[in-house]
Undergrad: 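Pasting a structure below so you can have a look.
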There are 2 protein chains.
Amino acid sequence: MSRTTHQLTPLELEIMNILWEHGPGNVQAVAQRLPERDGEPLAYTTVQTMLNVLHRKGKVRRELVDRAYVYTPELKRLDAMGSAVRDLVDRMFGGSAESLVMGLVETDQLTPERLKALQEKLLAAKAARTKGGKK
Amino acid sequence: MSRTTHQLTPLELEIMNILWEHGPGNVQAVAQRLPERDGEPLAYTTVQTMLNVLHRKGKVRRELVDRAYVYTPELKRLDAMGSAVRDLVDRMFGGSAESLVMGLVETDQLTPERLKALQEKLLAAKAARTKGGKK
DNA sequence: CGCGACCTCCTAAATACTTAGGACATCGAT
DNA sequence: ATCGATGTCCTAAGTATTTAGGAGGTCGCG
């Protein structure tokens, strides 16, 4: 067993983001939504190559529709988030998620006030889920 | 101008972590603290190369002591944290720090309860700082 | 003095990531 | 039937990252 996590590379992630946000699409759809690189868009074949890579790695599924393949995310966004965050927490914050949140505050990316509001919302949501809820 | 941020690569970060935690050190000190790779430690010269790279990039300063260079972090840990987190937030959470915290909870890396405790601590600290404090 | 220990610098090579061109197939329209 | 648009596959090359060997310098010791 080697690296089970197989973190997404930057460009792979950009493409997955497009698929997660706009739903399944073909090469053209993805290419159109990718932001330009130094004023020039990425070549069609470049995007295609990346989608191929993603497919080979099992991160997307594909299906022939008309002439072109339509790519659909296989990897769940939440799973990608989970491992990306875990990765950062391990590398940079000694494995402590709390440290990451503190870091967010210390580097002025989040104020304690906003954190409080968010936390209350999350707690409320959890309470609701526990009491009434369908899981 | 190209990439101003110049994110640290994984191995660069590992080395910076050692320097941040244990203070300035020479190649040997760093090499000893790096965990093994597939059962074998990294070669002395490999560590040296990395320290060279870090030096060329201005992330560390170095100073000849006796025979060997002693490397000292130039980049502040907080700055590295800041840009690593900002990077993740941008790539994965659409620029929203709150989304990152939510992600932490959704992926079971942090409970709302622990978040609450943390948030209270942070608010208290801030209040103290604002009222009495130095800084 | 010559040797081993220790260290630096230079250089190269393996791997991973990004980028993209060219060959070829198919469909629809001229 | 040919042409252009569109799409795939294969392949290669550029760049970044990681890994490490070899040449050569200096110091202390027998």
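Below, all heavy atoms of this structure are taken into account, side chains as well, without hydrogens, waters or symmetry copies. Below, chains carry the letters A, B, ... as their sequence lines are ordered, and counting in each starts from 1.
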Undergrad: Please compare Pro10(A) and Thr45(A) by the position of their nearest nucleotide in DNA chain C and report the one closer to 5'.
TA: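 Its nearest nucleotide being more 5', the pick is Pro10(A).
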Undergrad: Output the rounded distance in Å from CG (Leu54(B)) to P (dT17(D)).
TA: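 In whole Å, dT17(D) P and Leu54(B) CG are 12 Å from each other.
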Undergrad: dT17(D) P sits how many Å from Glu14(B) CD, rounded?
TA: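 Taking CD of Glu14(B) and P of dT17(D), I get 15 Å after rounding.
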Undergrad: Identify whether any heavy atom of Tyr69(A) sits under 4.0 Å from a base atom; if not, whether one sits that close to sugar-phosphate; answer base, sugar-phosphate or nothing.
TA: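 Counting heavy atoms under 4.0 Å across all strands, the contact made by Tyr69(A) is with sugar-phosphate only.
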Undergrad: Establish, with yes or no, whether the OP1 or OP2 oxygen of dT6(D) is under 4.0 angstrom from a side-chain nitrogen or oxygen of Gln28(A).
TA: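 Indeed not, no polar side-chain atom of Gln28(A) lies that close.
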Undergrad: Taking the six-membered ring of Tyr71(B) as reference, does the NZ or CZ atom of Arg62(B) fall below 6.0 Å from its centre and within a 45° cone about the axis?
TA: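 Judged by the rule (NZ or CZ under 6.0 Å from the ring centre, within 45° of its axis), Arg62(B) is not positioned above Tyr71(B).
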Undergrad: Considering only dT8(D), dT8(C), dT18(D), which nucleotide approaches the side chain of Leu11(B) most closely?
TA: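 Looking only at side-chain atoms, Leu11(B) lies closest to dT18(D).
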Undergrad: Rounded to the nearest Å, what distance is computed from the CG atom of residue Asp38(B) to the P atom of nucleotide dT18(D)?
TA: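 Asp38(B) atom CG is separated from dT18(D) atom P by 15 Å.
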Undergrad: Under a 3.5 Å threshold, yes or no: a donor from one side chain and an acceptor from the other, between Asn26(A) and Arg67(A)?
TA: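 No - no donor-acceptor pair under 3.5 Å links their side chains.
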Undergrad: Could you state the CE-C1' distance from Met50(B) to dT11(C), rounded to the nearest angstrom?
TA: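 After rounding, the reported distance stands at 16 Å.
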Undergrad: What is the distance, to the nearest angstrom, from the NZ atom on Lys57(B) to the P atom on dA16(D)?
TA: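 In whole Å, dA16(D) P lies 9 Å from Lys57(B) NZ.
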Undergrad: Just checking Val53(B): base, sugar-phosphate only, or nothing, at a heavy-atom cut-off of under 4.0 Å?
TA: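 The answer is nothing, as Val53(B) stays clear of every strand by at least 4.0 Å.
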Undergrad: Rounded to the Å, how far apart are His55(B) NE2 and dC9(C) C1'?
TA: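 In whole Å, dC9(C) C1' lies 14 Å from His55(B) NE2.
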Undergrad: Would you indicate what Gln48(A) reaches in the nucleic acid, counting non-hydrogen atoms under 4.0 angstrom: base, sugar-phosphate, or nothing?
TA: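 Since a base atom lies under 4.0 Å of Gln48(A), the category is base.
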Undergrad: So does Tyr44(B) get a side-chain nitrogen or oxygen closer than 4.0 Å to the phosphate oxygens (OP1/OP2) of dT19(D)?
TA: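 Tyr44(B) to dT19(D) OP1/OP2: no side-chain N or O under 4.0 Å.
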Undergrad: Is there a side-chain contact between Arg77(A) and Asn17(A) in this structure, where contact means two heavy atoms from C-beta onward sitting under 4.5 Å apart?
TA: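 In contact.
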Undergrad: Quick check on dC9(D): is either OP1 or OP2 less than 4.0 Å from any side-chain nitrogen or oxygen of Arg62(A)?
TA: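 Checking Arg62(A) against dC9(D): at least one side-chain N or O falls below 4.0 Å of OP1 or OP2.
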Undergrad: Could you state the CG-P distance from Asn52(A) to dT19(C), rounded to the nearest angstrom?
TA: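 One finds 15 Å between P of dT19(C) and CG of Asn52(A), rounded.
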Undergrad: Rounded to whole angstroms, how far apart are CD on Glu36(B) and C1' on dT19(D)?
TA: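 In whole Å, dT19(D) C1' lies 16 Å from Glu36(B) CD.
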Undergrad: Any idea which of dC9(C), dC17(C), dT19(C) is nearest the Thr46(A) side chain?
TA: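 The listed nucleotide nearest to Thr46(A)'s side chain is dT19(C).
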Undergrad: Heavy atoms only: give me the nearest Gly95(B)-Asp90(B) pair and the separation to one decimal.
TA: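 For Gly95(B) and Asp90(B), the tightest heavy-atom pair comes out as CA-OD1, 3.6 Å.
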Undergrad: Could you report the tightest heavy-atom contact between Arg37(A) and Leu11(A), atom names first, then the distance?
TA: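 For Arg37(A) versus Leu11(A), the nearest heavy atoms are NH2-CD1, 3.4 Å.
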Undergrad: Quick check for you: among dC7(C), dC17(C), dG7(D), whose closest atom lies nearest to any side-chain atom of Thr9(A)?
TA: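 Nearest listed nucleotide: dC17(C).
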Undergrad: Which comes earlier along DNA chain C counting from the 5' end, the contact point of Arg67(A) or that of Glu12(A), where each point is its nearest nucleotide?
TA: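 This one resolves to Glu12(A).
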Undergrad: Side chain of Thr49(B), base of dA20(D): donor and acceptor closer than 3.5 Å?
TA: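 When only heavy-atom distances are counted, Thr49(B) does reach the base of dA20(D) through a donor-acceptor pair under 3.5 Å.
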